[in-house]
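Only one structure is covered here, and it is reproduced in the block below.
The sequence lines fix the lettering, A, B, ..., with proteins before strands; numbering per chain opens at 1. Note that the structure is predicted; figures quoted are calculated from it, not measured. These values consider heavy atoms only, across backbone and side chains, with no hydrogens, waters or symmetry-generated copies.
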Amino acid sequence: MKITITEAGQHVGEEVTIGAWLANKRSSGKIAFLQLRDGTGFIQGVVVKSEVGEEVFQQAKSITQESSLYITGTVQEDNRSPFGYELSVSSIDIIAEAEDYPITPKEHGTEFLMDHRHLWLRSRRQHAVMKVRNEIIRATYEFFNDRGFVKVDPPILTGSAPEGTSELFHTRYFDEDAYLSQSGQLYMEAAAMALGKVFSFGPTFRAEKSKTRRHLIEFWMIEPEMAFYNFEDNLKVQEEYVSHVVQSVLANCRLELGRLDRDTSKLEQIKTPFPRITYDEAIEFLHKQGFDDIKWGDDFGAPHETAIAENYDKPVFITHYPTAIKPFYMQPDPNREEVVLCADLIAPEGYGEIIGGSERIHDRQLLEERIKEHKLDEEAYKWYAELRKYGSVPHSGFGLGLERTVAWISGVEHVRETIPFPRLLNRLYP
RNA sequence: UCCGCAGUAGCUCAGUGGUAGAGCAAUCGGCUGUUAACCGAUCGGUCGCAAGUUCGAAUCUUGCCUGCGGAGCCA
């Protein structure tokens, strides 16, 4: 019977066949241990010379790393295996022999591993990170579907630059200029006016020369947008969403988190409500901490965010930023025109900002003023402004960076390990 | 774009002016419970590239290239 490695527990004592690759092997004169992986998991095959005979034993000893094979044997419970089960091998059918697999079971440098990303993905650690990423995506769909959100896909090719802030990838659209999307938000606002509560999940592109552990050139964002939701409603969705995702990973990725040596006690605490501080309070706090390189009106740098986040064992919202340093579409605080109804969510343990969100301006006149103040192309934003002409309603939304979230939850240092094929500054291969 | 660090065997690194080294991988042999297995042997080099200093350069100088860490910007 053909099974996968994760199904082994249901077939104890039975003879099964598994299609697998050889991750590593160890052998002595009369016994060989084959570390097998099939994509669903890892299991150890034990080949005993006195049981299989000379021929099969020699065959087992000679299999090279990452060769593919069908392996047949009896599933046995064994607490010496970290998985809990072993395969007592009876026969091996080699599909394709691998030659000089470059990633050996020893240390490798970043450049070498990145050059071999297509193979690096096979390693236990990368396998675990990809499973966590998948669980976060699964939990995201679950969360928003359960709450009546409709998934809407905004375009990736756009004709106008949504904001002047980020560097965009330029391309041609037949005879016109076009740009790769850096955010689907404006389109999601239109979608929210049609469908009420919507969310998107897709790639975004930033042509910034950023070279840090938190930046990718191409990364994936989840962007919910909700009609009739104010600032307060927005924060509530965010904290419920983030804690749902963390609790789902804890529930469904125990094995993977263990393999990544993630301190799960820190994740257990991620439950609503999340702490909040205002921008004003954050500035005051930073001054008390001795940061004299920042004053009211400046945006926070990474060291500032980290210093603030270190006070909490949960993600923390920083709210009410100065209007001047935030995008044109954010709703000003009715009591204080100089700040906006926005919040960034900073992850604990130094992983930085994972969410940026706000209530959006729904007043037509104010939005048009802002477009002029920011010297944006009025023609290009005509459709966006028009959303306020036909039945405008208060609405809010946010964007969550998937890779930073994966990095935080899995406890990996760098976002380049959280996406299958990272696009980085100076890296487009493989 | 700026600041700092690095580039030597397939991989990870040592070698700081005088014959190019180790561990791992690979190959061969040994070992009945290995966990990056272990033990012995063999194989393995344009010392990033270019120019310069010197009797002599992996080592010192200059330029360039590549990568890493960080900043800015952002999710």
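- Nucleotide G23(B) forms a Watson-Crick or G-U wobble pair with C11(B), both donor-acceptor distances falling under 3.5 Å.
- Look at R26(A) and you won't find any side-chain N or O under 4.0 angstrom from OP1 or OP2 of U32(B).
- In this structure, T405(A) reaches neither bases nor backbone, as no heavy-atom distance under 4.0 Å exists between it and the strands shown.
- Pairing partner, G44(B): none, since no Watson-Crick or wobble contact has both distances short of 3.5 Å.
- The distance between atom CD of Q58(A) and atom P of G30(B), rounded to the nearest whole Å, is 9 Å.
- Between the side chains of E86(A) and Q44(A), a donor-acceptor pair is found at a separation under 3.5 Å.
- Relative to the side chain of A302(A), the nucleotides A75(B), G70(B), A71(B) differ in distance, and A71(B) lies closest.
- Among the atoms of the strands shown, base atoms are found under 4.0 Å from some heavy atom of L216(A).
- If you check every strand for non-hydrogen atoms under 4.0 Å, G301(A) touches sugar and phosphate atoms only.
- Judged by closest nucleotide on RNA chain B, T212(A) is the one of T212(A) and G401(A) placed further toward the 5' end.
- A distance of about 9 Å separates the C1' atoms of U8(B) and G15(B), rounded to the whole Å.
- Annotation: G69(B) and C64(B) have their P atoms spaced 23 Å apart (nearest Å).
- The residues E239(A) and K314(A) are annotated as not salt-bridged, no charged nitrogen and carboxylate oxygen being separated by less than 4.0 angstrom.
- Legend: side chain to side chain donor-acceptor pair (under 3.5 Å) pairs involving residues 126-138 of chain A, not counting sequence neighbours, sorted by first then second residue: R117(A)-Q126(A), Q126(A)-E417(A), R133(A)-E403(A), E135(A)-R138(A), E135(A)-N252(A), R138(A)-E142(A).
- The side-chain ring of F219(A) is stacked on the base of A75(B), judged by centre separation under 5.5 angstrom and plane angle under 30 degrees.
- The interatomic distance linking F112(A) (CZ) with U12(B) (P) rounds to 7 Å, in whole Å.
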Protein N or O to nucleotides 24-26 of chain B N or O, pairs below 3.5 Å:
none

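- Taking atom P in both A41(B) and A22(B), one finds a spacing of 11 Å when rounded to whole Å.
- Among the heavy atoms of the strands, none lies under 4.0 Å from T204(A).
- Ring-plane geometry between Y279(A) and W296(A) is classed as perpendicular, the angle between the planes exceeding 60 degrees on a 0 to 90 degree scale with a lower cut at 30.
- Applying the Watson-Crick and G-U wobble criteria (two distances, each under 3.5 Å), C55(B) pairs with G18(B).
- Annotated as syn: U16(B), whose O4'-C1'-N torsion sits within 90° of 0.
- Ion pairing between R37(A) and E66(A) holds under the 4.0 Å rule for side-chain N and carboxylate O.
- Separation of the P atoms belonging to C11(B) and G4(B) is 29 Å when rounded to the nearest angstrom.
- G33(B) is unpaired under the criterion used here, namely a Watson-Crick or G-U wobble arrangement in which both key atom distances are under 3.5 Å.
- At whole-Å resolution of the value, CG in N24(A) and P in C11(B) are 19 Å apart.
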- Task: Please test F231(A) against H320(A) for ring-ring contact (aromatic ring centres under 6.0 Å, His included), starting from the C-alpha separation and ending with a verdict.
- Result: CA-CA 10 Å; F231(A) 170 72; H320(A) 301 87; 5.1 Å; yes
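- For Q44(A), counting side-chain heavy atoms from C-beta on, the closest listed nucleotide (A71(B), G33(B), C74(B)) is G33(B).
- Take the nearest nucleotide of RNA chain B for S62(A) and for E353(A): the residue whose nucleotide is more 5' is S62(A).
- Taking a 4.0 Å limit (strictly below) on heavy-atom distances, residues 410-430 of chain A reaches RNA chain B at H414(A), R416(A), N426(A).
- Proximity of residues 281-297 of chain A to RNA chain B (heavy atom under 4.0 angstrom from any strand atom) is not detected for any residue.
- For C74(B), its base sits under 3.5 Å from the side chain of R404(A) at one donor and acceptor pair at least.
- For the pair D299(A) CG and C73(B) C1', the computed distance is 9 Å after rounding to whole Å.
- Of all nucleotides present, only U66(B) satisfies the Watson-Crick or G-U wobble test against A6(B), with each distance under 3.5 Å.
- K61(A) places its NZ atom 11 Å from the P atom of C28(B), with the value rounded to the nearest Å.
- Judged by distance alone with a 3.5 Å cut-off, no donor-acceptor contact links the side chain of H108(A) to the base of C11(B).
- Between the side chain of E111(A) and the base of U66(B), no donor-acceptor pair of N or O atoms lies under 3.5 Å.
- Between F205(A) atom CZ and A75(B) atom C1' there is a gap of 14 Å when expressed in whole angstrom units.
- Rounded to whole Å, the separation between the P atoms of C39(B) and G23(B) comes to 10 Å.
- If you check the side chains of D38(A) and W21(A), you find no donor sitting under 3.5 Å from an acceptor.
- For the side chain to side chain donor-acceptor pair (under 3.5 Å) test, no residue two or more places apart in sequence or in another chain qualifies with D261(A).
- Side-chain contact between S243(A) and T272(A) is present, with at least one heavy-atom pair separated by less than 4.5 Å.
- If you take atom P in C49(B) and the same atom in A57(B), they sit 15 Å apart, rounded to whole Å.
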- Step by step, work out the side-chain hydrogen bond (donor to acceptor under 3.5 Å, both in side chains) result for E189(A) and H395(A). CA-CA 8 Å; E189(A) 288 186 50; H395(A) 63 288; 2.7 Å; yes
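- The CD1 atom of I31(A) sits 17 Å away from the P atom of C38(B) (whole-angstrom rounding).
- Between F112(A) and W120(A), the ring center distance fails the sub-6.0 Å criterion.
- With rounding to the nearest 0.5 angstrom, the CD1 atom of I92(A) is 5.5 Å from the CG atom of L34(A).
- Taking atom C1' on both nucleotides, A14(B) is separated from G45(B) by 15 Å, rounded to a whole Å.
- With contacts defined as side-chain heavy-atom distances shorter than 4.5 Å, the pair D299(A)/Y321(A) qualifies.
- Base pairing of A71(B) is made with U1(B), judged by Watson-Crick or G-U wobble geometry with both donor-acceptor distances under 3.5 Å.
- Nucleotide U34(B) holds its P atom 19 Å from the NZ atom of K49(A), rounded to whole Å.
- Of the candidates U1(B), G33(B), C68(B), the closest approach to any side-chain atom of V46(A) belongs to G33(B).
- Residues satisfying the side chain to side chain donor-acceptor pair (under 3.5 Å) test with Y241(A), not counting sequence neighbours, are T140(A).
- Here, A36(B) and C74(B) have their C1' atoms 38 Å apart, quoted to the whole Å.
- Between L168(A) and F205(A), the closest side-chain pair of non-hydrogen atoms is not below 4.5 Å.
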